[in-house]
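The next block holds one structure in the form of structure tokens; read it before the comments.
Given the structure is predicted, the values throughout are model-derived calculations rather than measurements. All residue numbers refer to positions in the sequence shown, counting from 1.
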Amino acid sequence: VQLVESGGGLVQAGGSLRLSCEVSGFSWDRFEDYGIGWFRQVPGKEREGISCIGPKDGNTYYADSVKGRFTISSDSAKNMVYLEMTSLKPEDTAVYFCAAEYLGWVEIEKCQDYDYWGQGTQVTVSS
């Protein structure tokens, strides 16, 4: 499974960005068989799972740090997952990664232990 993120960039505090994650490389399985998550990492800090989704049933998870500001969605026809980020704050500055894992091995509500990762996209929020 391969993942490619796009949509990062520089934005002022209070602004919005939309990240996209294209998922490909399925063999016997399908996009709906996977949980997809967005994670972020700042140098010197642990990677944070901020939002995850199960495309099959639409189950979602949000970390408290982004709840009410970020929205995750998926498009099974396009094998895409999106992260709509609004009311951005300087502390949202990080490299954002999307990741995937077979649904049988993860719980969306925990948003952790994903094995397939994209290369990341930088999001910088200026004050």
Side-chain angles (χ1 to χ4, degrees):
V1 176
Q2 291 86 46
L3 302 100
V4 178
E5 305 95 337
S6 60
L10 174 64
V11 64
Q12 287 190 328
S16 300
L17 275 177
R18 186 197 198 203
L19 303 183
S20 300
C21 176
E22 181 177 10
V23 190
S24 63
F26 305 107
S27 51
W28 58 269
D29 45 9
R30 306 171 305 157
F31 177 75
E32 293 82 1
D33 293 326
Y34 286 79
I36 313 292
W38 285 98
F39 299 75
R40 66 186 182 187
Q41 189 163 25
V42 177
K45 292 189 176 181
E46 283 194 12
R47 186 169 56 201
E48 177 187 14
I50 58 173
S51 187
C52 289
I53 187 168
K56 182 180 288 186
D57 60 10
N59 191 21
T60 58
Y61 162 86
Y62 295 96
D64 288 343
S65 57
V66 305
K67 199 172 292 182
R69 300 187 298 123
F70 292 9
T71 303
I72 192 170
S73 62
S74 64
D75 184 339
S76 295
K78 298 180 179 179
N79 291 354
M80 296 288 294
V81 174
Y82 306 98
L83 186 69
E84 192 76 39
M85 306 187 294
T86 63
S87 301
L88 282 161
K89 306 173 182 180
E91 51 263 44
D92 293 317
T93 295
V95 178
Y96 284 69
F97 300 87
C98 67
E101 185 54 82
Y102 186 62
L103 267 177
W105 296 338
V106 292
E107 296 178 47
I108 296 301
E109 296 81 4
K110 291 187 177 179
C111 205
Q112 61 186 22
D113 298 328
Y114 284 55
D115 276 342
Y116 302 99
W117 292 84
Q119 81 287 351
T121 185
Q122 177 70 44
V123 171
T124 303
V125 184
S126 63
S127 57

remark   = In terms of heavy-atom contacts, L3 and C21 come closest through CD2-SG, 3.6 Å

ask   = S51 side chain to Y61 main-chain N or O, any donor-acceptor pair under 3.5 Å?
value = yes

key: Minimum heavy-atom distance between G54 and I108, given as atom pair plus value   = N-CD1, 3.6 Å

task = Tell me, with the steps shown, if Y114 and V106 meet side-chain contact (heavy atoms from CB on, under 4.5 Å).
result = CA-CA 8 Å; Y114 284 55; V106 292; 4.2 Å; yes

key: Any side-chain heavy-atom pair of E109 and N59 under 4.5 Å   = yes

request  = Indicate if I53 and W105 have the same hydrophobic cluster label, given that clusters are the connected sets of ILVMFWY residues with side-chain heavy-atom separations under 4.5 angstrom.
outcome  = yes

ILVMFWY network linking M80 to F31, side-chain heavy atoms under 4.5 angstrom = no

note = For G7 and L17 the tightest heavy-atom approach is O-CD2, 3.8 Å

Ion pair D92/K89, N-O distance below 4.0 Å = no

task = Could you tell me the separation between the CD1 atom of I50 and the CH2 atom of W38, rounded to the nearest 0.5 Å?
result = 8.5 Å

ask   = Side chain of E5, backbone of Q119: donor and acceptor closer than 3.5 Å?
value = yes

query = OH/Y82 to SG/C98 distance, rounded to the nearest 0.5 angstrom?
reply = 12.0 Å

request  = Any chance you could measure Q12, atom CD, to T124, atom OG1, to the nearest 0.5 Å?
outcome  = 13.0 Å

message = Please say yes or no: joined through hydrophobic side-chain contacts below 4.5 Å, possibly via intermediate residues, are I72 and L88 part of one cluster?
response = yes

message = If I take atom CD from residue E84 and atom OG from residue S20, how far apart are they, to the nearest 0.5 angstrom?
response = 9.0 Å

inquiry  = Would you say Y116 ends up clustered with F39 if hydrophobic residues are merged whenever their side chains have heavy atoms under 4.5 Å apart, either directly or through other cluster members?
reply    = no

query = Quick one: are Y34 and D29 in side-chain contact, heavy atoms under 4.5 Å?
reply = yes

ask   = Taking the side chain as C-beta and beyond, is there a heavy-atom pair between V66 and L83 under 4.5 Å?
value = no

remark   = What one should report as the nearest heavy-atom pair of A100 and V1 is CB-CG1, 4.4 Å

request  = Looking only at non-hydrogen atoms, find the nearest pair between I36 and P55 and report the distance.
outcome  = CG1-CG, 4.3 Å

query = Any idea how W117 and F97 line up, ring-wise: parallel (<30°), tilted (30 to 60°), or perpendicular (>60°)?
reply = perpendicular

Separation between CG of D33 and CH2 of W28, rounded to the nearest 0.5 Å = 6.0 Å

key: From C111 atom SG to E101 atom CD, the distance as rounded to the nearest 0.5 Å   = 12.0 Å

key: Shortest non-hydrogen contact from F70 toward Y62   = O-CE2, 3.2 Å

ask   = Taking a hydrophobic cluster as the set of Ile, Leu, Val, Met, Phe, Trp and Tyr residues connected by side-chain heavy atoms closer than 4.5 Å, whether directly or through intermediates, do V95 and M85 fall within one such cluster?
value = no

ask   = Is a side-chain N or O of T93 found less than 3.5 angstrom from the main chain of V125, in a donor-acceptor match?
value = yes

